[in-house]
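What follows is a single structure, written as structure tokens, with notes after it.
The basis for the numbers below is simple: all heavy atoms, side chains too, and nothing from hydrogens, waters or symmetry mates. So that the names make sense, note that chain A is the first sequence line, chain B the second, and so on, each numbered from 1.
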Protein chains: 2
Amino acid sequence: MVRKRVTLSQVAQEAGVAASTASLVLAGRADELRISATAQERVREAARRLGYRPNALSAGLRTGSTRTLGFVSDSVASSQLAGEMIRGAIEAARARGYMVFVGETGGDGQLERDLLDAMFDRQVDGIVLATMLTHARTIPTAATRMPTVLLNIEPDGDTDLVQVLPDEYRAGREAARLLVDTGHRRIHLIGVGDDPAHAHPFALAAAQRLRGVLDVLAEEGLRVASAQPAGQWLPPEGFRLTTALVERGEPADALLCFNDRLAMGAYQALQEAGVRVPDDVSVLSFDDTPFARWLRPGLTTFAFPQRALGRRATDELIDLIERARDDGDEGAGPGAAVHLIPLPLRTRESVAERG
Amino acid sequence: MVRKRVTLSQVAQEAGVAASTASLVLAGRADELRISATAQERVREAARRLGYRPNALSAGLRTGSTRTLGFVSDSVASSQLAGEMIRGAIEAARARGYMVFVGETGGDGQLERDLLDAMFDRQVDGIVLATMLTHARTIPTAATRMPTVLLNIEPDGDTDLVQVLPDEYRAGREAARLLVDTGHRRIHLIGVGDDPAHAHPFALAAAQRLRGVLDVLAEEGLRVASAQPAGQWLPPEGFRLTTALVERGEPADALLCFNDRLAMGAYQALQEAGVRVPDDVSVLSFDDTPFARWLRPGLTTFAFPQRALGRRATDELIDLIERARDDGDEGAGPGAAVHLIPLPLRTRESVAERG
DNA sequence: CTGTTAGCGCCTTCAC
DNA sequence: GTGAAGGCGCTAACAG
């Protein structure tokens, strides 16, 4: 069932040359070192015939580079977001010839250390450390053993690590801008209070998004019509808050829901109350979860760019690794760059022109 | 930034013994070979002080075992299912001290070969080969180079590979049984026709599920009230089919939707037509996608056991690997076992008692 | 232009 | 009980 591996020396022998010659040919450095065309051809032919594949362990041991990355996230069971980030990461890695080990900690610090150790043992060239919920956290010291990029993580203190983050502030601004520009004046916030300092539960993400919203409204001389925090950003909360809003009889032009699940609950509440979207009230949201397009009417929402985040973090990491290698590992590199990834708007049918 | 690795010989030197002695101690074989307690202690102490971590590449090169697996799936962008399978796989792997490389092919055969090669190059001990849509496919010959388990794949021809599959037939039976036992007689199928031989689009899964449904109904002397195939198993199709059903004025006790997204569309159609779930008609479904619990009323559905599938496939693979190692790689092993994983019922509010 | 030599870090006989 | 020697497969000097 399991065939034996073919080694370089077998190829060399088959081709009638020395192992080192075969190595050079197969590494593509034959011309540079002016090895005869016939020898090259014989080596390549032998390699093909025997189905030779270089042993990456061995090469890694020798060169110190394994073209292997680690991706460690804390993704909580409830969050479906993890998948796309990982997908983006392995895509970007693949495009540059890297493979990736994936690990999940479920928020367990000990498990995180164990995973990082296990990856370190296997000589990964670097690590992407990710959270599914943007929030502050302390960075494991283990991360300093190898090149590391922080994905969707705001570190507690100072770091000299590269960070990749969604541009929540800008998305908040754009959301408010969109509603204002389409004539909405009485805007209700679903999911957060009106104080960025206490914008539980996904602290930083929510706070920055909120700040963006409030800033634009202030620039327009407007204030938020109401702002209701939610303990969980799930449909039942969206339903509850929206129902309460409707029952209070407050006039509303638009609901700005802080994620799609809240918006789903809001839709249900509006529907049961006989309020039409978007004719009576517009709904705008964040995330672009799969069901957003299937709600009726389709939900207009700012997509959380999971895939782009995963891709970008990985590209930054590989840049870091290869730069370090090329520079002969001199110095600390550029240090703490922060890369912000925009949240693109998915325009569907839930926001109308007013006035 | 990147500290140098500590090697075994450094530990040995620090402890004042030979490298081989240190190796034995750290491998836990010291007692067996009667190495002095003081030497053992010195080695352990030195290893701790220096923060020694064995280099898995080197050990792998020497022993042939890397405690590393590959997970290759074809997961299509639309499918959110992939994530949980991968999660199950890395969980199970972690529990037994393995790390896993994750790769996705997007259905591209060349990319699949490349990924399998890249994993082979890195000396993975074995591979889980997965599809997100259960269907027939040919197995890449590359898979025969290393221990392989097929996850959610029905191979075209014969295989001697271990397979892990969801028990679709049984889920179909249980679904029909549930509806019949709760007094439903006029049952409409949403998403498939009434001929298992043409149960497009997710051929085998749908066909087996359908067969299970039809078998139970036949045993009860019943027939399906109607059965409408859908090109795509998405909400718009569920909406369309259900709307058509309502407009035809056919009496209905229950809708059996072949996945939750179809059910979501069915809900929307029923709601817009003023038909109440479950008072007027029950809805039963398959998958347990995240939104199933958030629909109103909560959707009763058979959960597609993604996580359990990933876990089980990985456990089977590791069994295979370790058995082969222990047996000194003798013979082909047990060959083509097929393991069926049940789809557990998530009871919510969409199915009522009738009669 | 090609071959020989010397490790990368670890494990495993086999002498001492 | 312990240490020296060899080799897993590959690459990178350095001779020739």
Q.
It should be established whether Thr7(A) places a side-chain nitrogen or oxygen under 4.0 Å from OP1 or OP2 of nucleotide dG9(D).
A. no

Q.
Using every non-hydrogen atom in the two residues, find where Arg122(A) and Gly97(B) come nearest and quote the distance to one decimal.
A. NH2-O, 3.7 Å

Q | Nearest-0.5 Å distance, CG of residue Asp125(B) to CG of residue Leu320(B) | A | 11.5 Å

Q | For atom CZ of Arg122(B) and atom P of dG9(D), their distance in whole Å | A | 18 Å

**Q.** Length of the CG-C1' vector between Asp121(A) and dC8(C), whole Å
**A.** 17 Å

Q: May I ask you to evaluate whether Thr21(B) reaches the phosphate of dG3(D), defined as a side-chain N or O under 4.0 Å from OP1 or OP2?
A: yes

Q.
Nearest whole Å is fine: how far is dA12(D) C1' from Ile35(A) CD1?
A. 13 Å

(Q) Check whether Tyr52(B) forms a cation-pi arrangement with Arg5(B) (NZ or CZ under 6.0 Å from the six-membered ring centre, at most 45° off the ring normal). (A) no

Q.
Let's see if you can work this out: which of dC10(C), dC10(D), dG1(D) has an atom nearest to the side-chain heavy atoms of Ser58(A)?
A. dC10(D)

Q: Could you tell me whether Leu8(B) contacts a base, only the sugar-phosphate backbone, or nothing, with contacts defined as non-hydrogen atoms closer than 4.0 Å?
A: sugar-phosphate

Q: Would you indicate whether Glu41(A), at its atom CD, is surrounded by more than 12 heavy atoms from other residues, nucleotides or ligands within a distance under 6.0 Å?
A: yes

Q.
Nearest whole Å is fine: how far is dG9(D) P from Gln123(B) CD?
A. 8 Å

Q | Length of the CG-P vector between Leu61(A) and dA6(C), whole Å | A | 18 Å

Q | Stepwise side chain to side chain donor-acceptor pair (under 3.5 Å) test for Thr63(B) and Ser65(B) | A | CA-CA 5 Å; Thr63(B) 65; Ser65(B) 153; 4.9 Å; no

(Q) Could you tell me how far apart Arg53(A) (CZ) and dC10(D) (C1') are, to the nearest whole angstrom? (A) 15 Å

Q) Given that Arg62(B) and Gly16(B) both sit by DNA chain D, which one's nearest nucleotide is further toward the 5' end? A) Gly16(B)

Q. So, is Ser36(A) near the phosphate of dT2(C), with a side-chain N or O under 4.0 Å from OP1 or OP2?
A. yes

**Q.** Side chain of Val17(A) (C-beta onward), nearest among dC10(D), dG3(C), dG1(D)
**A.** dG3(C)

Q: Ignoring backbone atoms, test whether Tyr52(A) places a side-chain nitrogen or oxygen under 4.0 Å from the OP1 or OP2 oxygen of dC10(D).
A: yes

Q | Phosphate OP1/OP2 of dC10(C): any Ser20(B) side-chain N/O under 4.0 Å | A | no

(Q) Judged by each residue's nearest nucleotide on DNA chain D, which is more toward the 5′ side, Ala18(B) or Thr63(B)? (A) Ala18(B)

Q.
Distance check needed: dC8(D) P versus Asn55(B) CG, whole Å only.
A. 18 Å

Q.
Could you tell me how far apart Leu57(A) (CG) and dC10(C) (C1') are, to the nearest whole angstrom?
A. 12 Å

